Amino acid sequence: MSESFKAIIITRDEDKKQSVAVGEMTEAELMEGDVTIAVEATTVNYKDGLAITGKAPVVRKFPLVPGIDFAGTVTESRHPDWKAGDRVVLNGWGVGETHHGAYAAKARVRGDWLVPLPQGMSARDAMAVGTAGYTAMLSVMALERHGIVPQRGPIVVTGAAGGVGSVAISVLSRLGYHVIASTGRTIEEDFLKDLGATEIIDRAELSAPAKPLGKERWAGGVDAVGSHTLANVLSMTSYGGAVAACGLAQGMDLPSSVAPFILRGVSLLGIDSVMAPKALRLEAWRRIATDLDHAKLATLSRTIGFDDIIRAATDIVDGKIRGRVVVEM
Ligand code: NDP
């Protein structure tokens with residue numbers, strides 16, 4: 001009989017009320033997949049917070065181990081690309097939503113979902129980046145594809161002190177962009193400037209209903225917030241600019257008008273990390289290894305243990321987490 005290991009397990013009762021608890025499971029209880037991995041590090045993303053607190057219907061199969069990303073070492077593989085001992089990273093693909101996820105000592109997934117741990121990065125480094133940081137990189141790459149180079153003008157980053165925001169600031173500043181960080185935590189001004197933000201603005205400037213067009217303030221944006229904030233970011237984007245929309249911390253709605261699109265040629269670039277094709281993932285992780293300052297990564301992340309995951313999940317939904325949280329298993 002295989003040994004049991006600790007796992008966080010989300011269940012749902014007959015009244016569809018969700019509960020979370022630390023339990024035990026065995027390898028035999030892992031779901032279908034052709035690669036088994038010893039999880040070495042994971043993280044707590046905003047989506048994990050929503051899953052664990054049940055504040056949004058992220059988990060769609062019960063019982064389920066949450067946790068949307070991990071880094072670890074392959075222990076068994078029937079997939080041609082992977083063998084025991086390979087170091088791998090996983091983000092998304094429904095892991096932690098419909099497939100048992102990261103908050104257990106072991107995970108079994110499809111080999112097609114995995115990417116190699118980038119050279120020179122530890123499992124901890126990869127999870128300091130995590131899905132939030134990889135999404136930030138996908139956003140930066142989308143702006144670049146749209147021709148938004150540093151010479152075009154400033155880039156606004158919303159939800160700046162959060163996971164996506166803090167990694168986006170670090171990467172953009174390293175690439176030479178003038179970064180305007182929008183935050184509700186002006187107390188974090190020094191932290192954001194150390195990451196590379198040139199200007200800090202209070203998120204209250206962007207959180208009320210937007211005018212169709214505002215003063216042109218930036219060439220582009222990375223928006224982790226959605227709702228009125230995204231509408232304001234669009235209305236203040238200069239002619240021909242682009243905004244990468246990746247989050248919904250303020251809300252899922254977009255109370256905007258078509259004015260920025262039809263009068264200023266502004267583009268809205270959608271970013272999805274969960275089902276992103278493998279080539280894009282490989283490119284994003286390659287760029288993370290080269291374009292993210294590892295010293296900054298250390299300053300924007302802190303480490304917690306397995307037993308702290310549930311509390312961190314509540315904190316992230318309450319907007320109390322600064323930067324990134326790494327879980328060392
Ligand atoms: P965090 O909680 O770390 O960061 C979110 C930040 O948004 C907070 O730190 C806060 O920044 C800001 N914020 C929170 N509430 C509000 C509000 N009511 N109004 C305005 N700003 C607010 O989360 P992550 O960085 O991990 O994720 C950010 C968003 O991106 C989430 O919505 C998440 O679901 C989404 N996401 C999407 C992905 C995709 O594939 N598209 C992948 C990963 C994340 P501050 O304190 O600086 O104001």
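What you see is a predicted model; the values in this text were computed from it and never measured. Hydrogens, waters and symmetry mates play no part in the numbers below; they use all other heavy atoms, side chains included. Indexing begins at 1, ligand by ligand and atom by atom, following the structure's order.
- The salt bridge (Lys or Arg N to Asp or Glu O under 4.0 Å) pairs that include a residue from residues 31-41 are Glu40-Arg87, where partners are two or more places apart or lie in different chains.
- Taking the charged nitrogens against the carboxylate oxygens, Lys61 and Glu97 have no contact shorter than 4.0 Å, which rules out a salt bridge.
- Listed as neighbours of ligand 1 are Tyr46, Thr131, Ala132, Thr135, Gly159, Ala160, Ala161, Gly162, Gly163, Val164, Thr183, Gly184, Arg185, Arg203, Ala224, Val225, Cys246, Gly247, Leu248, Ala249, Gln250, Ile271, Asp272, Ser273, Ile316, each bearing a heavy atom under 4.0 Å from the ligand.
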Yes or no on ring-ring contact (aromatic ring centres under 6.0 Å, His included) for His99 and Trp113, after CA distance, side-chain angles and deciding distance? CA-CA 12 Å; His99 190 98; Trp113 296 346; 5.2 Å; yes
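- Taking a cutoff of 4.0 Å between a charged side-chain nitrogen and a carboxylate oxygen, Arg287 and Glu144 qualify as a salt bridge.
- Salt-bridge annotation for Glu188 and Arg322: present, with a side-chain N of the basic residue lying under 4.0 Å from a carboxylate O of the acidic one.
- Side chain to side chain, Ser238 and Arg217 fail the donor-acceptor criterion of an N or O pair below 3.5 Å.
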